[in-house]
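Written out below as structure tokens is the structure these notes cover.
Predicted model only: the values in this text are computed from it and were never measured. Reckoned from all heavy atoms, side chains included, excluding hydrogens, waters and symmetry mates.
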Amino acid sequence: MQDLGLIRLQDKTVVAGNPIYGEVIIRTLSYNQQSSLESNERFSEYNMPKYYKNNGVDMNLMLQDFQQFWRENSDVWEERFQYKEAAPHLILQAFLQRVFNGGGDVKREMATGKDRLDLCITYKEKKYPVELKINRGKQSIEKGIEQTLGYMDTLGCTEGWLVVFDRNKKKAWDEKIYKNPETINGKIVNVFGC
């Protein structure tokens with residue numbers, strides 16, 4: 001793919017050749033999951049009007065619905081991926097893409113200054129920054145909050161979201177699923193455990 005210009009090396013990291021290729025690659029990787037979500041009758045309860053609030057999006061409600069969806073379906077979805085680490089990110093992206101479906105924009109790996117925010121949802125010119133982490137201990141959450149605050153500052157947002165996926169199969173779902181809003185210097189980072 002590098003010889004075709006679809007991907008390139010940047011600071012020893014593989015990146016898309018350009019933003020359009022990046023979008024096509026991610027959509028291709030999550031196409032089967034998004035198609036399955038669209039044809040799934042149970043998924044029809046997750047639609048955009050439910051999440052409208054004060055001329056914006058109720059991201060907390062949407063992520064709470066995703067937590068339940070992930071809890072009920074993660075084992076099945078993860079088995080479909082050869083690279084298991086990518087599964088949570090791609091499923092969340094497919095979920096959001098399906099929910100917004102033309103009503104907003106889900107930008108992946110959006111540049112914010114010198115860093116890259118995992119997801120930035122734009123709806124009616126309002127930005128909703130979402131950072132994703134795999135739980136590797138307390139430092140994952142601390143680093144995630146710090147990163148999210150940095151992205152919020154760059155984007156001029158007062159609220160952001162950190163979604164932390166706990167891959168520990170021995171842990172009960174009631175321990176993995178939580179919402180913990182952190183207020184730091186007047187800004188809110190909503191930490192969602194999945």
Side-chain angles (χ1 to χ4, degrees), residues 7 12-16 22-23 25-38 40 42-43 45-46 51 59-100 106-110 112 115-121 128-152 159-182 184 188-194:
I7 59 172
K12 298 180 183 179
T13 302
V14 176
V15 296
E23 184 69 18
I25 290 167
I26 291 294
R27 284 187 182 244
T28 300
L29 290 171
S30 65
Y31 176 78
N32 290 339
Q33 290 70 32
Q34 188 171 340
S35 295
S36 294
L37 292 176
E38 289 171 359
N40 184 337
R42 167 142 170 24
F43 192 77
E45 70 187 65
Y46 307 113
Y51 304 111
M59 285 295 294
N60 291 321
L61 177 60
M62 187 181 305
L63 288 173
Q64 285 170 334
D65 281 354
F66 175 75
Q67 284 177 316
Q68 187 60 34
F69 176 82
W70 182 253
R71 180 180 190 158
E72 294 172 6
N73 299 287
S74 63
D75 289 341
V76 173
W77 287 104
E78 285 181 312
E79 290 307 313
R80 296 179 182 190
F81 287 89
Q82 185 174 14
Y83 183 57
K84 305 290 186 220
E85 289 285 315
H89 290 73
L90 291 172
I91 297 302
L92 178 57
Q93 290 173 15
F95 181 92
L96 293 173
Q97 196 68 47
R98 168 63 178 91
V99 169
F100 278 96
V106 180
K107 295 179 182 163
R108 297 155 182 90
E109 291 290 326
M110 185 179 120
T112 53
D115 294 317
R116 293 199 150 314
L117 172 64
D118 287 325
L119 299 171
C120 185
I121 296 155
Y128 302 87
V130 181
E131 179 65 15
L132 309 175
K133 290 286 183 206
I134 300 293
N135 189 348
R136 301 190 195 291
K138 186 178 177 184
Q139 72 279 3
S140 298
I141 296 171
E142 291 170 356
K143 182 178 180 187
I145 290 171
E146 183 181 319
Q147 283 180 281
T148 306
L149 284 168
Y151 300 137
M152 290 165 56
E159 190 170 18
W161 292 265
L162 171 63
V163 180
V164 182
F165 291 93
D166 193 326
R167 308 298 296 270
N168 184 345
K169 299 282 185 192
K170 295 178 183 176
K171 215 183 242 188
W173 276 106
D174 287 341
E175 291 178 67
K176 293 180 188 183
I177 303 289
Y178 61 87
K179 177 187 176 224
N180 183 19
E182 297 277 343
I184 301 164
I188 300 170
V189 177
N190 297 289
V191 182
F192 279 81
C194 289

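One finds the CD1 atom of I91 at 11.5 Å from the CG atom of L96 (value rounded to the nearest 0.5 Å). Rounded to the nearest 0.5 Å, atoms SG (C194) and CD1 (I177) are 5.0 Å apart. The NZ atom of K169 sits 6.0 Å away from the NZ atom of K176 when rounded to the nearest 0.5 Å. The OG1 atom of T148 lies 7.5 Å from the OH atom of Y151; values are rounded to the nearest 0.5 Å. Here NZ of K133 is found 11.0 Å from CD1 of I141. Values are rounded to the nearest 0.5 Å. Within the model, atoms CG of D166 and CH2 of W173 stand 8.5 Å from one another, a figure rounded to the nearest 0.5 Å.
Looking at residues two or more places apart in sequence or on another chain, you find no side chain to side chain contact (heavy atoms under 4.5 Å, CB included) involving E146. For K143, the salt bridge (Lys or Arg N to Asp or Glu O under 4.0 Å) criterion is met by no residue, not counting sequence neighbours.
Between the side chains of Q68 and E72, a donor-acceptor pair is found at a separation under 3.5 Å.
Taking 4.5 Å as the limit, some side-chain heavy atom of P129 sits within range of a side-chain heavy atom of W161. Here the side chains of L92 and D118 are not in contact, with every heavy-atom distance at 4.5 Å or above. Side-chain contact between N60 and K179 is present, with at least one heavy-atom pair separated by less than 4.5 Å. Looking at heavy atoms from C-beta onward, V191 lies in side-chain contact with Y178 at the 4.5 angstrom threshold.
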* D174 and R71: side-chain contact (heavy atoms from CB on, under 4.5 Å), yes or no, with the steps? -> CA-CA 10 Å; D174 287 341; R71 180 180 190 158; 2.7 Å; yes
* When you look at V130 and M59, which way does the side-chain contact (heavy atoms from CB on, under 4.5 Å) test go after all the steps? -> CA-CA 10 Å; V130 181; M59 285 295 294; 3.7 Å; yes
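By the 30° and 60° cut-offs, the orientation of the rings of H89 relative to F165 is tilted. Between F69 and F95, the two ring planes are tilted [angle within 30° to 60°].
Residues P181 and N190 approach most closely at CB-OD1, 3.6 Å, considering heavy atoms. In plain terms, the two heavy atoms of E131 and G144 that are nearest each other are CG-O, 4.4 Å.
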